[in-house]
There are 2 protein chains.
Amino acid sequence: MAARRKVGNLLGLAVLAYLSRAPMHPYELSRTLRDYGDDRSIKFNHGSLYMVVQQLAKAGFVTELETTREGQRPERTVYAITDGGRAELHDWLRELVSEPEHEYPNFVSALSLIAALHPDDAVERLRSRLTGLAARRAEAQKLIDDSLAEGVPELFLIEEEFRVAQLDTEAAFVERLITRITDPVAGWGPGWAQVHAAMTAQAPPGPAEPQA
Amino acid sequence: MAARRKVGNLLGLAVLAYLSRAPMHPYELSRTLRDYGDDRSIKFNHGSLYMVVQQLAKAGFVTELETTREGQRPERTVYAITDGGRAELHDWLRELVSEPEHEYPNFVSALSLIAALHPDDAVERLRSRLTGLAARRAEAQKLIDDSLAEGVPELFLIEEEFRVAQLDTEAAFVERLITRITDPVAGWGPGWAQVHAAMTAQAPPGPAEPQA
DNA sequence: GGGGTCATGTAATAGGTTACATGATTCT
DNA sequence: AGAATCATGTAACCTATTACATGACCCC
């Protein structure tokens with residue numbers, strides 16, 4: 001899948017993006033990414049950053065520019081983007097924007113197996129999810145508002161706006177799902193409970209289930 | 001994060017779910033998961049399955065039930081879920097349903113860095129994304145329709161319905177984004193182009209940029 | 001001046017993906 | 001009967017995450 005790219009980790013894309021503005025050493029990258037909140041949109045951790053920078057170097061997308069030392073701190077190696085790196089940055093970004101990828105969000109996985117819960121249980125958990133979703137939505141929205149108030153251009157907040165839109169959709173979906181389960185006239189509850197009982201039953205007596 | 005679970009891979013959850021219905025050997029699991037289309041919702045690959053089953057065994061969630069051999073084929077080890085496995089299955093599912101997790105979809109990452117593209121380029125790629133989204137939506141919807149026609153209860157199609165809802169939201173968002181960029185009176189295009197020019201500028205002449 | 005946190009990086013471990021291997025079955 | 005695909009599993013490799021180290025700065 002991502003095997004065609006020499007470096008597959010999206011953290012590498014962020015590194016290329018920041019190095020395209022100015023050379024930096026890894027720690028500075030780490031700090032900058034954190035400061036600009038990119039760690040909300042790109043999975044980040046300290047150890048991976050060094051790994052990714054090495055991979056980028058091996059792939060020729062960045063080069064070691066100089067090595068400086070201040071006092072007795074460890075040496076800091078400053079990296080700069082190369083022309084190849086710039087090309088990779090643009091090509092990669094274009095691909096990510098233009099081609100939707102099949103992904104596996106946790107909630108989708110959970111939904112695909114939710115029949116293994118008793119319907120009453122499922123409804124309770126779905127209700128609980130709603131409050132969590134509201135909290136996350138509020139958090140994202142606050143981040144947007146605060147940033148706008150600080151003068152950050154909306155261009156740099158699109159991803160949070162997208163998150164808000166998705167959270168809204170998810171909340172609406174969950175609410176509707178709850179009503180579809182609990183609806184007194186056509187609700188799935190009873191049928192589901194039967195399926196669940198059958199699934200839960202250990203089928204100890206009788207012959208094993210026939211294969212399809 | 002997922003370090004509290006002995007087995008973190010969601011494929012393990014699917015294995016527990018299927019083993020809770022009947023004991024199986026790994027290849028049968030593999031086949032069943034594929035047949036029921038669970039590989040659309042849970043990242044699946046052949047190698048990982050064996051790994052996960054071993055992990056589940058080590059954690060005590062499943063046990064080796066028997067080892068059979070047919071003809072000269074390799075031995076097949078049949079696994080059964082344990083009481084601990086059943087508990088883990090329910091606890092894990094409940095957690096996944098009730099607690100939204102912070103995740104990192106590719107498109108969110110891409111949006112967070114999209115300013116690195118020229119606005120015209122971005123718009124073109126966003127348009128292209130729209131057609132991809134439509135295709136995926138159609139595919140998911142067809143799967144739903146076909147399954148319903150075959151008599152599959154809607155309960156087992158929730159995750160595809162959710163996918164459709166998300167795809168719709170994403171498409172609407174992308175369309176709106178395009179108009180926000182290209183709007184002739186208040187569009188971001190010009191401002192973005194400036195930012196982009198400044199970012200792209202290589203600052204080759206003159207002294208190096210001062211560090212913050 | 002001793003205890004925390006910052007700055008900076010490396011090494012060890014664990015997890016997942018790809019590639020490999022091989023007998024059986026089916027198709028032509 | 002040879003080719004392709006299925007059935008079944010193992011091993012090697014790569015990637016990512018956690019843990020470890022250590023000097024500098026800051027606070028009380």
Side-chain angles (χ1 to χ4, degrees), chain A residues 1-15 23-35 39 42-59 64 66-79 101-104 109 211-212, chain B residues 1-15 23-35 39 42-59 61-62 64 66-79 101-104 109 211-212:
Chain A
M1 161 197 342
R4 250 192 24 270
R5 305 249 163 226
K6 300 257 200 70
V7 176
N9 193 328
L10 282 187
L11 187 52
L13 188 68
V15 168
M24 292 194 230
H25 53 90
Y27 192 85
E28 198 179 351
L29 279 165
S30 168
R31 167 58 40 158
T32 309
L33 290 183
R34 227 101 49 67
D35 284 352
D39 57 347
I42 292 178
K43 182 141 50 171
F44 173 83
N45 87 32
H46 184 67
S48 306
L49 180 65
Y50 286 85
M51 190 196 19
V52 160
V53 169
Q54 270 172 221
Q55 287 169 187
L56 289 173
K58 191 187 321 184
E64 207 164 309
E66 53 174 350
T67 297
T68 65
R69 173 190 293 263
E70 271 180 33
Q72 264 336 293
R73 295 201 212 131
E75 285 188 347
R76 300 172 314 176
T77 305
V78 177
Y79 291 88
E101 274 278 332
H102 191 86
E103 293 176 70
Y104 305 86
S109 304
Q211 303 288 98
Chain B
M1 161 197 344
R4 249 193 24 270
R5 304 253 163 224
K6 301 258 200 76
V7 177
N9 194 328
L10 282 186
L11 187 52
L13 187 69
V15 168
M24 293 193 229
H25 53 89
Y27 193 86
E28 197 178 353
L29 279 166
S30 170
R31 166 57 40 156
T32 310
L33 290 184
R34 228 100 51 67
D35 285 352
D39 57 347
I42 292 178
K43 182 141 49 170
F44 173 83
N45 88 35
H46 183 67
S48 305
L49 181 66
Y50 286 87
M51 188 195 22
V52 160
V53 169
Q54 270 173 221
Q55 287 168 188
L56 289 172
K58 189 187 321 180
F61 297 143
V62 306
E64 206 163 309
E66 54 175 348
T67 297
T68 65
R69 173 190 293 264
E70 271 180 31
Q72 261 340 290
R73 295 201 213 133
E75 285 189 345
R76 301 171 314 177
T77 306
V78 177
Y79 291 88
E101 273 277 333
H102 190 86
E103 293 177 71
Y104 304 85
S109 304
Q211 304 288 97

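Values below: every heavy atom of this structure, side chains too, minus hydrogens, waters and symmetry copies. First the proteins, then the strands, lettered A, B, ... as listed; each starts at 1.
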Worksheet item: To the nearest 0.5 Å, how far apart are CG in A/Asn45 and CG in A/Leu11?
Response: 8.0 Å
Worksheet item: What's the CE-P distance between A/Met51 and C/dA14, to the nearest Å?
Response: 17 Å
Worksheet item: Roughly, in whole Å, what's the span from CD in B/Glu28 to P in D/dG9?
Response: 11 Å
Worksheet entry | Separation of atom CD in A/Gln54 from atom P in D/dC14, rounded to whole Å | 15 Å
Worksheet item: Nearest to the side chain of A/Tyr27, which nucleotide is it out of D/dT17, D/dG9, C/dC6?
Response: C/dC6
Worksheet entry | Atom of B/His25, atom of B/Thr77 and distance for their closest heavy-atom approach | CB-O, 3.1 Å
Item to complete: Consider the side chain of B/Asn9, meaning its heavy atoms from C-beta on, and name the nucleotide among C/dG16, D/dA7, C/dT8 that approaches it most closely.
Response: C/dG16
Discussion item. Using the side-chain heavy atoms of A/Arg76, tell me which of these nucleotides is nearest: D/dT8, C/dT18, C/dG9.
Written reply: C/dG9
Worksheet item: Looking at B/His102 versus B/Tyr104, is the centre-to-centre ring distance below 6.0 Å?
Response: yes
Worksheet entry | C/dA14 phosphate, OP1 or OP2, under 4.0 Å from B/Gln55 side-chain N/O | no
Worksheet item: If only side-chain N and O atoms of B/Arg31 are considered, is one of them under 4.0 Å from the OP1 or OP2 phosphate oxygen of D/dA7?
Response: yes
Practice prompt. Measure from CG on B/Asn45 to C1' on D/dT8 and round the result to the nearest Å.
Written response: 15 Å
Worksheet entry | A/Ser48 vs B/His46, nearer the 5' end of DNA chain D by closest nucleotide | B/His46
Discussion item. Tell me the interatomic distance from A/Arg34, atom CZ, to C/dT8, atom P, rounded to whole angstroms.
Written reply: 12 Å
Worksheet entry | d(NZ, B/Lys43; P, C/dG16) in whole Å | 10 Å
Worksheet item: Distance-only, no hydrogens or angles: does the A/Thr32 side chain make a donor-acceptor pair with backbone N or O of A/Glu28 under 3.5 Å?
Response: yes
Discussion item. In whole Å, I'd like the distance from the CG atom of A/Leu49 to the C1' atom of D/dT18.
Written reply: 16 Å
Fill in: Nearest-Å distance for atom pair OH/P, residues A/Tyr50 and C/dA12
18 Å
Worksheet item: Which value, rounded to the nearest 0.5 Å, describes the distance between A/Met24 atom CE and A/Leu33 atom CG?
Response: 7.5 Å
